[in-house]
Number of protein chains: 2
Amino acid sequence: MKEGPDIALLGSLIGDPARANMLTALMSGKALTASELALEASVTVQTASSHLKKLEAGGLLGQRKQGRHKYFTLSDDDVGSLLETMMGLAAKKGHIRIRTGPKDPALRKARVCYNHLAGEMGVRIYDSLLARNFIAADNDTLILTEQGHSFVAEFGIAIDTAKKTRRPLCKPCLDWSARRSHIAGTLGTELLDRFYQLGWAKREEGTRTVAFTPKGEKAFAASFPL
Amino acid sequence: MKEGPDIALLGSLIGDPARANMLTALMSGKALTASELALEASVTVQTASSHLKKLEAGGLLGQRKQGRHKYFTLSDDDVGSLLETMMGLAAKKGHIRIRTGPKDPALRKARVCYNHLAGEMGVRIYDSLLARNFIAADNDTLILTEQGHSFVAEFGIAIDTAKKTRRPLCKPCLDWSARRSHIAGTLGTELLDRFYQLGWAKREEGTRTVAFTPKGEKAFAASFPL
DNA sequence: TTAATGCTTCGATTAGCATCGAAGTATGAA
DNA sequence: TTCATACTTCGATGCTAATCGAAGCATTAA
């Protein structure tokens with residue numbers, strides 16, 4: 001018995017509610033940490049770890065270590081389209097969708113990526129800094145250029161203190177939507193803190209949403225033009 | 001917990017090995033009975049019945065009662081394409097396929113459908129008789145016409161004895177490939193028996209394959225032109 | 001009617017696996 | 001170094017569901 005489970009393996013991987021929630025959370029292209037996925041699935045991190053291991057072994061997930069975090073994404077576009085097909089069929093057959101929903105709209109715009117800004121605005125920082133040659137890609141890491149140092153200092157960040165730590169100054173960090181990179185590392189953290197400090201934005205309780213004030217959003221747009 | 005298993009339900013349905021085997025067996029478009037599916041999945045009929053109930057409730061299967069048999073098919077083309085997608089991904093990810101395979105080639109041409117001939121040659125009988133007005137569709141059943149009676153008698157079948165039973169003379173029966181109908185009922189049984197009797201074909205042991213002799217195949221083609 | 005076949009339901013057993021607590025490893029911060 | 005965080009592994013528990021035997025229905029044949 002239990003002989004040839006070609007599609008059965010795939011099915012059973014997707015068939016567990018916890019794993020299905022993780023996969024749908026990753027469907028947006030977002031790269032999520034194990035803890036975040038645990039939260040999405042409403043299970044403990046141990047359980048999540050076990051699931052993620054299985055999903056990875058099954059070839060559905062890819063991972064990328066970033067410091068002490070482990071980011072998971074769907075491994076393939078094929079996986080994405082399979083899930084999309086399944087969601088479509090499930091909807092058609094009346095297996096109604098009860099999943100969350102009210103979170104995303106604000107999260108897409110700006111959210112905390114555990115210590116730096118992600119979402120559209122996070123991507124914008126990256127693009128803006130790169131376009132003005134304030135940062136430059138160097139062998140899979142990012143370095144802050146001469147002009148970049150000036151800009152950061154002008155922006156009110158004491159970069160020297162940040163330099164002491166072993167933590168990289170800039171790091172690219174995956175974003176969802178277009179799987180775009182944004183700024184992580186010490187600089188990313190410092191920037192986000194500075195936004196809070198300037199009163200441009202503040203963190204919403206309980207969620208990962210970062211809420212910008214109208215005034216803050218204008219100032220942001222001025223400081224990070226495209 | 002266990003909150004919103006949109007795609008999880010689909011996944012778990014496909015995730016069970018027995019069900020996966022049934023679904024892949026139905027992937028060719030063939031309409032199979034519960035017993036046949038049980039055989040395919042290597043489980044008892046009770047277990048199969050339970051699985052089929054779930055698959056039908058999940059909207060993956062459609063059924064058609066035919067006498068005391070219950071024929072199952074994939075309910076949708078969407079279901080078929082989902083399974084195809086999954087099989088493709090499974091192959092790509094290295095979940096090797098161990099399933100049967102060597103059966104089909106001969107079965108496609110001619111096979112026993114529990115008491116009548118199915119497969120391409122079965123479909124041909126249906127088409128030939130219909131084209132020559134030997135049978136006619138009447139309110140979801142088939143009737144043998146006046147000319148049809150002559151033909152059958154000429155072919156060597158004592159139709160009177162068949163008429164006595166309560167069993168319908170002709171019945172359409174689903175076939176796979178193009179989901180075409182072929183002749184079942186008393187007439188179907190009698191025709192197959194006559195083929196055996198004429199030495200045109202004989203049943204292969206252990207399989208559902210019907211092996212026609214070269215001579216038999218020619219005679220068949222002559223008797224059932226298109 | 002009786003007998004046979006195809007399928008379903010019921011009940012009990014069993015196996016698998018998701019789950020979490022607790023301890024262990026790794027990375028980063030001070 | 002020490003402390004904190006992110007994640008993994010181990011072990012035990014408990015729930016779910018697949019499985020099959022046995023009995024019940026439905027259809028067909030004699």
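In this text, all values refer to a predicted model and were calculated from it rather than measured experimentally. Residue numbers start from 1 in every chain, and the chains themselves are labelled A, B, ... in the order their sequence lines are given, proteins ahead of strands.
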Polar atoms only, N or O, under 3.5 Å: list the protein pairs with nucleotides 8-11 of chain C and their distances.
residue	atom	partner	partner atom	Å
C:dT8	OP1	B:Lys70	NZ	2.9
C:dT8	OP2	B:Ser49	OG	2.7
C:dT8	O5'	B:Ser49	OG	3.2

Assess the residue pair A:Ile135 and A:Ile183 against the criterion (side chain to side chain contact (heavy atoms under 4.5 Å, CB included)); give the C-alpha distance rounded to whole Å, side-chain angles, the decisive distance to 0.1 Å, and a yes or no. CA-CA 10 Å; A:Ile135 56 176; A:Ile183 292 289; 3.7 Å; yes

Restricting both atoms to N or O, compile the protein contacts to nucleotides 3-5 of chain D shorter than 3.5 Å, with distance only.
residue	atom	partner	partner atom	Å
D:dT5	O4'	A:Arg68	NH1	3.3
D:dT5	O2	A:Arg68	NH1	3.3

Spacing of [X] atom [atom1] relative to [N] atom [atom2], expressed in whole Å:
X: A:Leu39; N: D:dA6; atom1: CG; atom2: P; result: 12 Å
X: B:Asp16; N: D:dC20; atom1: CG; atom2: P; result: 11 Å
X: A:Ile14; N: C:dC17; atom1: CD1; atom2: C1'; result: 18 Å
X: A:Arg64; N: D:dA6; atom1: CZ; atom2: P; result: 19 Å
X: A:Lys54; N: D:dT9; atom1: NZ; atom2: P; result: 12 Å
X: A:Tyr71; N: C:dT27; atom1: OH; atom2: P; result: 16 Å

Nearest-nucleotide pick for A:His51, side chain only, options being D:dA18, D:dG21, C:dT19: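 Among the listed nucleotides, the one closest to the side chain of A:His51 is C:dT19.
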
Supply the atom-to-atom distance A:Leu74 CG to A:Thr24 OG1, rounded to the nearest 0.5 angstrom.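 Atom-to-atom, A:Leu74:CG and A:Thr24:OG1 are 10.0 Å apart.
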
Hey, what do you get for OG1 (A:Thr33) to CG (A:Leu39), rounding to the nearest 0.5 Å?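 A:Thr33 atom OG1 to A:Leu39 atom CG measures 9.0 Å (nearest 0.5 Å).
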
Would you say B:Ser75's side chain and B:Gly59's backbone share a donor-acceptor pair under 3.5 angstrom?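 Yes, because the side chain of B:Ser75 sits within donor-acceptor range (under 3.5 Å) of the backbone of B:Gly59.
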
Verify, without hydrogens or angle tests, whether A:Arg19 (side chain) and B:Ala8 (backbone) share a donor-acceptor contact under 3.5 angstrom.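 Not at all, since once roles are kept as given, no pair shorter than 3.5 Å links the two residues.
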
With sequence neighbours excluded, what pairs up with B:Gln197 under the side-chain hydrogen bond (donor to acceptor under 3.5 Å, both in side chains) test?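 For B:Gln197, no residue satisfies side-chain hydrogen bond (donor to acceptor under 3.5 Å, both in side chains) once neighbours in sequence are set aside.
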
Reference residue A:Leu52; test side-chain contact (heavy atoms from CB on, under 4.5 Å); the match among A:Lys70, A:Gln63, A:Met22: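 Running side-chain contact (heavy atoms from CB on, under 4.5 Å) over A:Lys70, A:Gln63, A:Met22 with A:Leu52 returns exactly one hit, A:Met22.
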
Would you mind telling me which of A:Leu117, A:Val152, A:Ile157 makes a side-chain contact (heavy atoms from CB on, under 4.5 Å) with A:Leu191?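 Exactly one option meets the side-chain contact (heavy atoms from CB on, under 4.5 Å) with A:Leu191, and it is A:Ile157.
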
